[in-house]
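Lettering follows sequence order; numbering is per chain, from 1.
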There are 2 protein chains.
Amino acid sequence: MLTIYDIAKITGFSPTTVSKVINNYPDVSDKTRNKIKKALVESGFKPNAQAQFLSTKKTWTIGVVYYEGVGIGLAHPFFSYVIQAFKHRVEEYGYSLLFGSKTDRLKNSTFLEYFKYSRVDGIVIISTEEGNKETEEIINSDFPCVIIDIRNNNAATVSSDNEKGCKLAIDYLYELGHRKIAHISGGFGDRNWSSTTRIKCYKEAMNNLGLNVPNGYIADGVNFDYSGGYSAMKKLLKLKDRPTAVFAAGDKLALGAIAAIRDEGMNVPDDFSVIGFDDIELARYVTPGLTTIRQNSTELGRSAADILVEQINQKKKLTVNNVIPVELVKRDSCRKIN
Amino acid sequence: MLTIYDIAKITGFSPTTVSKVINNYPDVSDKTRNKIKKALVESGFKPNAQAQFLSTKKTWTIGVVYYEGVGIGLAHPFFSYVIQAFKHRVEEYGYSLLFGSKTDRLKNSTFLEYFKYSRVDGIVIISTEEGNKETEEIINSDFPCVIIDIRNNNAATVSSDNEKGCKLAIDYLYELGHRKIAHISGGFGDRNWSSTTRIKCYKEAMNNLGLNVPNGYIADGVNFDYSGGYSAMKKLLKLKDRPTAVFAAGDKLALGAIAAIRDEGMNVPDDFSVIGFDDIELARYVTPGLTTIRQNSTELGRSAADILVEQINQKKKLTVNNVIPVELVKRDSCRKIN
DNA sequence: CTGTTAGCGCATTCAA
DNA sequence: TTGAATGCGCTAACAG
């Protein structure tokens, strides 16, 4: 591979001048600049990013943290859209994405260690448990960072307006005449912020309408997953005072719940109304079309990117909690009763 | 951040010796080794990856190429699983994933240029069009690379046994009594290998059974997408000699097709049998459960990782075309007729 | 406007 | 068994 020394030799100028041309310094004559630029293009020269970093301390790289253990992986039907939007936005700023790894080679047990090694300019965390040690470690480090899908007083975060979303869902079911409304939660015990928040807001929304939440009306959907929704719904179906409607904390949960209802020989929306959360791509392609609360994945990603880059540029960590609006998307999985 | 010079000062040894300890060189006394190791751990020292590279020429980084323009993005419900498996496998070897970017900052118009800049050790390409210029450029470069979901005589590739998959699908429908079997293709004109291969194998399988393929029986599903399947099915429904079964080149296509059938007031599998390809996660959670040809995403990813790392280690490009078995998964979207 | 010099942090000779 | 010297490719301070 060519170096700036090679270009210097070819053009007869010094490596410094070549470097200046590459980095658009003003103090180079047009004549020289053009000559060097020409050589640069003709030779297909690419600067060496690692060597650049050694001088500039900037890798133009953002580290990405997924906690796959809790089902939030690359393949997540909702967060993958968020990270895609995030990627596009940071690319506009000139950054690329590096995925955090724990490898034997580095004997690194945490993401932070990996990012220290690879010297990323900033870190984005996709959905974390509250109080997660790795997350705390990153928040307390010098790395600029942003966390998606949680709120935290000591960090920059971006999350959906869960409060509003839950209220929209419950109020809508109420409008349709439902009074017995159950909730399938995202699970993870009390560690998952989205899950606990939606449970809390579900209760509040019920309360505001004067509805009570009988025992067993909050069913644990485990990993925000199809199978979690499936088994949670099975439990709800065993209740002697069955609900007429179910508000699921995620679309996968809702789809799992619908599968469970179907397996019991019943039908949505005739026997149960089901409403989800997220609006994943296929929500509109299933039968029945899934009524849900749409989270704006694009805006979540973009906003996270903006906050992160702002911190990098300002060289200081910010503590803002951006909240992104949600909306109710009516399809066919809920119906009017009575 | 600490450097090996700092560790040298702390322990009283030279930077060289510290480096030797870090890299497990044998010619260091146990006493010295232990002292330095202790200091390393206590100080939380992490070597600087960029500086390391400058000496070793190895970044321990794999570049990832997605062609988002053709709908194969981070958020793809099938390939995201493949890349996840790939990631896990390369991590076992000590590598991390860097996503290829085209940024204004680098004025780079191709992925190859970006990877030259960032000096990745190898490149993985997720599903490419045949003859794609960027792909060709990478194949012809010095970078070890592997391409998923295509076959090519000049490169290392990993793909599913599409031939077998199509045959399984058509034979199964035949067994169920279907004779009028249509195909919804993946689209992309003639540039997408999976799409064209499945069209070809669909025809062959039909031929082998003595079935003919009437005009209009191959409908273009555009981007392997829900909406493509939806509109393709709409066209099939307008045929005067309607098929009784549809073999879709992808699960998203199949789900889109089912939605179209439903929108016309009809039903799967009563009015049409539909079989997909991929076995994406939710295939089993939709109504009806989608019968499909399962591609082994884990094995695709693992195999790709293995071939790529082998090329890196051997320092030479290989040209192998690994083919991963597929299987028929029977659910409820197909039924016996007559 | 151009070039000389030094240094970023590490691994690798090669002496000692 | 240890360490001094050198180079990887680049940018930045400074001098001319």
Answer yes or no: is there a donor N or O on one side and an acceptor on the other, between the side chain of B:Lys317 and the main chain of B:Ile139, under 3.5 Å?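 Indeed, once roles are kept as given, a pair shorter than 3.5 Å links the two residues.
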Would you say A:Asp149's side chain and A:Ser159's backbone share a donor-acceptor pair under 3.5 angstrom?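 Checked: no pair found.
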Run the side chain to side chain donor-acceptor pair (under 3.5 Å) test on B:Asp104 and A:Tyr93 for me, step by step, so that the C-alpha distance in whole Å, both residues' side-chain angles and the decisive distance to 0.1 Å come before the verdict. CA-CA 8 Å; B:Asp104 284 345; A:Tyr93 292 111; over 6 Å; no
Over 60° means perpendicular and under 30° means parallel, so classify the ring planes of A:Phe111 and A:Tyr67, tilted if in between.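 If you compare the ring of A:Tyr67 with that of A:Phe111, the planes turn out perpendicular.
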Do the rings of B:Tyr66 and B:Phe99 sit parallel, tilted or perpendicular, given the 30° and 60° boundaries? parallel
Side chains of A:Glu129 and A:Asn192 in contact at under 4.5 Å (non-hydrogen atoms): no
Under 4.5 Å between any side-chain heavy atoms of A:Thr157 and A:Ile148, yes or no?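 The answer is no; the side chains never approach within 4.5 Å.
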Pull out every residue in residues 35-44 of chain A that has a heavy atom closer than 4.0 Å to any atom of DNA chain D, ordered by number, or say none. none
Can you tell me how far [atom2] of [N] sits from [atom1] of [X], to the nearest Å?
X	N	atom1	atom2	result
B:Lys31	D:dT2	NZ	C1'	14 Å
A:Asn34	C:dT2	CG	P	11 Å
B:Phe13	C:dC10	CZ	P	18 Å

Rounded to 10 degrees, the angle between the two terminal axes of the helix from C:dC1-D:dG16 to C:dA16-D:dT1, each from five pairs: 40°
With side chain to side chain donor-acceptor pair (under 3.5 Å) as the criterion, how do A:Ser303 and A:Asn322 come out once you've worked through the C-alpha distance, each side chain's angles and the decisive distance to 0.1 Å? CA-CA 8 Å; A:Ser303 172; A:Asn322 271 14; 2.9 Å; yes
Look at the side-chain N and O atoms of B:Thr17 and state whether any lies under 4.0 Å from the OP1 or OP2 oxygen of D:dG3. yes
Each nucleotide of nucleotides 9-16 of chain D classed B (base within 4.0 Å of a protein heavy atom), S (only sugar-phosphate) or -, in 5' to 3' order, makes BBBBB---
Under a 4.0 Å N-O cut-off, is there an ion pair linking B:Lys102 with B:Glu134? yes
